[in-house]
Amino acid sequence: MIDVLYFAWVRERIGLPRERVETGAATVAGLVKELCAREERYAAAFADISALRVALDQELADFDAPLAGVREVAFFPPMTGG
Amino acid sequence: MIDVLYFAWVRERIGLPRERVETGAATVAGLVKELCAREERYAAAFADISALRVALDQELADFDAPLAGVREVAFFPPMTGG
Amino acid sequence: MRVSVQSEPFDLGAEVASFTAGAAGAGAVVSFTGIVRPDGGLTGMEIEHYPGMTGKAIQAILAQAVDRWKLVDGLVIHRHGRLAPGETIMMVATAAPHRGDAFAAAEFLMDYLKSRAPFWKKESRDGGESWVAAKDSDEDALKRW
Amino acid sequence: MRVSVQSEPFDLGAEVASFTAGAAGAGAVVSFTGIVRPDGGLTGMEIEHYPGMTGKAIQAILAQAVDRWKLVDGLVIHRHGRLAPGETIMMVATAAPHRGDAFAAAEFLMDYLKSRAPFWKKESRDGGESWVAAKDSDEDALKRW
């Protein structure tokens, strides 16, 4: 089980801020594929992966990063701080 | 008659902050030459002209600038503000 | 070295004054303040963040700046939540022996906060709400460091 | 747009706060503060200036910065006279819609004040007094603008 968090418009499109997910995916990209297969709202949120960022256990990562040992995955649009 | 002002170590070497000078010099360089001819302390202050700056009527100028119409000449080392 | 992520307003003048007074050995202090710009009919802004990551990410960015420019001290305050036009969003301050380092570190911090700290801005206008899009120019600004 | 050349100390926090509050339409405010660095056994500093020229020269530099970077506002305060280690010498503040302009204008102002505003610093140490020499690096810094 892994905690999956969504922020900003990713959160709005999926309709929830976080959920616990049972996954056998080896990488972030594999997890995204599983989520997209679930429901249209996930497919809509992840339609353009280049418009998204991912953090693994609160550190920025790539979509091909492995999920082994990861407890928290967060998906969000490019940051707009400052 | 022209007002001549000295600042920082130029003032210290010459030994006064300002004086009124009767000059027939056409340029700043001509005035410097006249001053140097007066006394050793002037020659010492103006020994290395590349280490000095000049302002004519409170605007930075070059040593070959004409003196015609100028009322105030100031000599000083490179500035160290900020 | 202090990082604060908070919803409350902060007292810019007091922060700059106490940061400067405490920066023993500094010859140069630079501060930057970001303000909600009241243009295009903006009526408000909501800043979302990632609580588990924000503080850690900013600490890491600040530690990098302090190390790289040999800062005497560094400060980042960033707000989240609901903000009105004209309100201060955030500030950074840097203190160094010389001005070049203080300026470079402050600009570096701003460029990184813009694109690498997990904040997302949503603007409210009469016509509705919209998420602020990340700018290519902000991403490009990172490349100079 | 305000320039003040003064011997009295100024209240940095109050100046930054009121400058920022008054910068209507700004999204970014940058401030720089110069401090007498207490190193090398420095016991004090005396800043001489050219009263008839200083204010005018700084006004001209500030007007150039405001025009070039489309600043909402700009501020320069510079002290002269006797200063103790740790005291603030001067400050500049710039306000602009975007951060790049506010940073560039503040750095430009500092580079010009360093080498083009008629101030001269004399340092006191136990061994005596000496005029601060202009640095080639400060003169070089002007070339980027």
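In the text below, chain A, chain B and the rest are named by the order of the sequence lines, each starting its count at 1.
Closest heavy-atom contact between C:Pro51 and A:Phe7: CD-CE2, 4.4 Å. Taking each heavy atom of A:Ala55 and C:Tyr50 in turn, the nearest pair found is CB-CE1, 4.3 Å.
With a 6.0 Å radius and a threshold of 12 heavy atoms from other residues, nucleotides or ligands, A:Glu59 has its CD atom at or below the threshold. Within 6.0 Å of atom CZ in A:Arg71, 12 or fewer heavy atoms from other residues, nucleotides or ligands are found, so the atom counts as exposed in its surroundings.
With a threshold of 4.5 angstrom between heavy atoms, C:Lys56 approaches chain A through side-chain atoms but not through N, CA, C or O. With a threshold of 4.5 angstrom between heavy atoms, C:His49 approaches chain A through N, CA, C or O but not through any side-chain atom. Only the backbone of C:Ala117 comes within contact range of chain A, judged by heavy atoms closer than 4.5 Å. Proximity to chain A is absent for every atom of C:Arg79, based on heavy atoms less than 4.5 angstrom apart. Residue C:Lys122 touches chain A through its side chain alone, counting heavy-atom pairs closer than 4.5 Å.
Heavy-atom pairs under 4.5 Å with chain C were tallied for A:Ala8, A:Ala51, A:Pro77; the largest tally goes to A:Ala8.
Taking OG1 of A:Thr80 as the start and CD of C:Glu48 as the end, the distance is 9.5 Å to the nearest 0.5 Å.
Under the 4.5 Å side-chain criterion, counting only non-hydrogen atoms from C-beta, A:Glu72 is not in contact with C:Met53.
Heavy-atom proximity under 4.5 angstrom to chain A picks out C:Trp131, C:Val132, C:Ala133, C:Ala134 from residues 124-145 of chain C.
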